[in-house]
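Presented below is the structure to which this report refers.
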Amino acid sequence: MSDEPHTPTRTSVRATPRPAEPPTGQALAPDATSAVGGASAGGAATGSAPAGGASAGSASAVDTPPDGTAAPAQAPSSVWLPRLLVVGLVLAALNLRPAITSLGALLEEVRTGLHMSGGVAGLLTSVPPLCFAVFGVAAPRLARRFGPAAVVCAGMAAIAAGVLVRPFAGGTPGFLAASALALMGIALSNVLMPVIVKRYFPDRVGTMTGLYSMALALGTSLAAAVTVPLTAGLGGGWQTGLAVWAALAALAVLPWIPVVRDHRASARPTAPGRAHAPAPTTPPAPAPPTTARGAAAEAPAVTAGPRVARSRTAWALACFFGLQATGAYITMGWLPQIFRDAGVPAGTAGVLLAVTMVMGVPLAFVIPRVAGRMRQQGPIVIALGLSGLAGYAGLLTAPAGGAWLWAVLLGVSNCAFPLALTMIGMRARTGTGVVRLSAFAQCAGYLLSVPGPILVGALYQHSGGWTAPLVLMAGLMVPQMAAGVLAGRDRAVEDGD
């Protein structure tokens, strides 16, 4: 059945002339522009949805009738593709932190089993931000070559392989190498999932990003809470408790396989020999995209942007991002050990870490929306910083007595992450500026966060207690608040400030 006119010769007519295909290496430019827009749950980013109807791939596979409506051949894809993408996004987000927080819950057993020193264990907790900085840079290039969905699918497979292999790799070097493989998959997916949200759901960025953020926080807290009891229930050692999370990552691969196949099928060129009638003199305006495939319409390439490395605002934002990442990875890596050393049972310590992580579920919705309505975000930065200071002070004075309260306070403090993403979207006026600011702030910030967990581990080993590490962690909150106040000013990197 076709909407084409019944003529003796079957000739397809398109509503508008097909634009020239973008050169290889530029196809993702419009999506990269909105990467941070997708990452901000508050929708405070500046990117706009691509204009047009069907994607370039779909336009070449199925012709558009003269009335501008999509041909019926697209209907099956428009029904199942968005649903598969939603399932894929949720499952992928669930896998972006269990490889880290499950290790934090069993860090003492891993240290003993692999004969790690405190310094090496600190290095292990620094591997995640290092991998995020190193491998995240490659994500846009890989996405331009293979497509973002294919890279996320490969990222989930890498997570599954790394998590499954690392407990049985034999020795610390093998454990670190397999962990790096899993973290590479996390880093690639971290960068590209917001791009996919903006590309396929341009009219529902806030809703989809909220769903994705909630799933990420849920996966983080779930792994922290159930790893220890799950290990005991399975009757195995720490190896089983870590390897079991590979099953969740393997499950996340499945919905992406048909998505990748659909993308490749829609990108096939038009079969040779099919004639196309000339375009009408006054073509009708293209309808806005209403399907997942239609959202991937072609758009102009990204133009030159500001030199963010010369902006004081960009440097302040990079420092703020790096310091909040330092606190987050110290918390994920060492908080259960702090509670266990204070006499809290291992299972309860894992649940306390889960409480800290789960605070990000509601606050990831609230903080970006509040920040987006404020001209300056300094007051939120101060409030989060004071919450962190109170939590560290409590761990110093009564770690076991007020454990639940300290876990909540540190969870509130860790919500500086969605605030940082929101400010990235607000500190640039153009999509190109957002992309460059995001790349600069996140790469520089993650590199800045690498020494923190290592230093905490070394101080813990040499001092024999948690007083010196906790004083360091509390002290880092002061420059974090200062950098956040500077980054939260009503400025834009295009101003050169």
Could you tell me whether the side chain of [Y] reaches within less than 4.5 Å of the side chain of [X], counting heavy atoms only?
| X | Y | value |
| --- | --- | --- |
| Ile186 | Arg97 | yes |
| Val86 | Leu89 | no |
| Arg491 | Arg312 | no |
| Leu91 | Pro255 | yes |
| Leu218 | Val358 | no |
| Leu114 | Arg111 | no |
| Val90 | Val87 | no |
| Thr356 | Leu409 | no |

Evaluate side chain to side chain contact (heavy atoms under 4.5 Å, CB included) for Leu106 paired with Val228, printing each intermediate quantity in order. CA-CA 7 Å; Leu106 294 173; Val228 172; 4.0 Å; yes
Could you give the distance from [atom1] ([X]) to [atom2] ([Y]), rounded to the nearest 0.5 Å?
| X | Y | atom1 | atom2 | result |
| --- | --- | --- | --- | --- |
| Met156 | Leu94 | CE | CG | 10.0 Å |
| Met116 | Gln461 | CE | CD | 12.5 Å |
| Arg489 | Gln376 | CZ | CD | 8.5 Å |
| Leu419 | Ile424 | CG | CD1 | 10.0 Å |
| Leu386 | Met481 | CG | CE | 5.5 Å |
| Ile382 | Gln377 | CD1 | CD | 12.5 Å |

How far apart are the closest heavy atoms of [X] and [Y], and which atoms are they?
| X | Y | value |
| --- | --- | --- |
| Leu389 | Ala474 | CD2-O, 3.3 Å |
| Ala314 | Phe440 | O-CE2, 3.7 Å |
| Val485 | Val381 | N-CG1, 4.0 Å |
| Ala354 | Ala224 | N-CB, 3.7 Å |
| Asn95 | Ala252 | ND2-CB, 3.5 Å |
| Ser311 | Val493 | OG-CG1, 3.7 Å |

Pairing residues for [X] by the side-chain contact (heavy atoms from CB on, under 4.5 Å) criterion, not counting sequence neighbours:
| X | result |
| --- | --- |
| Val370 | Val366, Met374, Ile380 |
| Pro258 | Trp80, Leu84 |
| Val260 | Ala149, Ala150, Cys153, Arg264 |

Just list the side-chain donor-acceptor pairs under 3.5 Å for residues 336-351, sequence neighbours left out, or say none.
unit_1 : atom_1 : unit_2 : atom_2 : d
Gln337 : NE2    : Glu108 : OE1    : 3.2
Gln337 : NE2    : Asp341 : OD1    : 2.9
Arg340 : NH1    : Glu109 : OE1    : 3.2
Arg340 : NH1    : Glu109 : OE2    : 3.4
Arg340 : NH2    : Glu109 : OE2    : 2.9
Asp341 : OD2    : Tyr460 : OH     : 2.6
Asp341 : OD2    : Trp466 : NE1    : 2.8

Please tabulate, for the side chains in residues 316-335, all donor-acceptor contacts under 3.5 angstrom to protein atoms that are two or more places apart in sequence or on a different chain.
unit_1 : atom_1 : unit_2 : atom_2 : d
Gln324 : NE2    : Phe321 : O      : 3.0
Thr326 : OG1    : Gly322 : O      : 2.8
Thr331 : OG1    : Gly327 : O      : 2.7

Sequence neighbours excluded, every pair satisfying ring pair (Phe, Tyr, Trp, His ring centres under 6.0 Å) that has a member inside residues 133-176: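 Sorted pair list comes back empty.
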Side-chain donor/acceptor pairs under 3.5 Å, residues 446-455, sequence neighbours excluded:
unit_1 : atom_1 : unit_2 : atom_2 : d
Ser449 : OG     : Tyr446 : O      : 2.7

Extract all donor-acceptor atom pairs below 3.5 Å that involve side chains of residues 229-251 and protein atoms in other chains or at least two apart in sequence.
unit_1 : atom_1 : unit_2 : atom_2 : d
Thr231 : OG1    : Thr227 : O      : 2.7
Trp245 : NE1    : Thr227 : OG1    : 3.2

Please check: side-chain N/O of [X] versus main-chain N/O of [Y], any donor-acceptor pairing under 3.5 Å?
| X | Y | answer |
| --- | --- | --- |
| Trp256 | Gly88 | yes |
| Arg141 | Ala138 | no |
| Arg427 | Ala487 | yes |

Write out all pairs satisfying side chain to side chain donor-acceptor pair (under 3.5 Å) with one or both partners inside residues 383-403, taking only residues at least two apart or from two chains.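 Found none.
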Residue pairs, two or more places apart or on separate chains, that pass side chain to side chain donor-acceptor pair (under 3.5 Å) and touch residues 405-415: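 Residue pairs passing side chain to side chain donor-acceptor pair (under 3.5 Å), neighbours aside: none found.
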Considering the options Thr220, Leu183, Val127, which one meets the side chain to side chain contact (heavy atoms under 4.5 Å, CB included) requirement together with Ile100?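 In the set Thr220, Leu183, Val127, the residue that makes a side chain to side chain contact (heavy atoms under 4.5 Å, CB included) with Ile100 is Leu183.
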Determine whether Val471 and Leu396 satisfy the following criterion, side chain to side chain contact (heavy atoms under 4.5 Å, CB included), listing intermediate values before the conclusion. CA-CA 8 Å; Val471 169; Leu396 272 170; 4.3 Å; yes
Checking Val152 against Leu188 for the side chain to side chain contact (heavy atoms under 4.5 Å, CB included) test, could you report, in this order, the C-alpha distance in whole Å, the side-chain angles of both residues, the deciding distance, and whether it holds? CA-CA 7 Å; Val152 171; Leu188 296 175; over 6 Å; no
For Ser179, give me all partners under side chain to side chain donor-acceptor pair (under 3.5 Å), at least two apart in sequence or on another chain.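 Ser179 satisfies side chain to side chain donor-acceptor pair (under 3.5 Å) with Arg166 only.
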Set of residues satisfying salt bridge (charged side-chain N to carboxylate O under 4.0 Å, His left out) with respect to Arg375, sequence neighbours excluded: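 Applying salt bridge (charged side-chain N to carboxylate O under 4.0 Å, His left out) to Arg375 gives Asp490.
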CA sep, side-chain torsions, deciding dist, call: Leu181, Val165, side chain to side chain contact (heavy atoms under 4.5 Å, CB included): CA-CA 10 Å; Leu181 175 62; Val165 169; over 6 Å; no
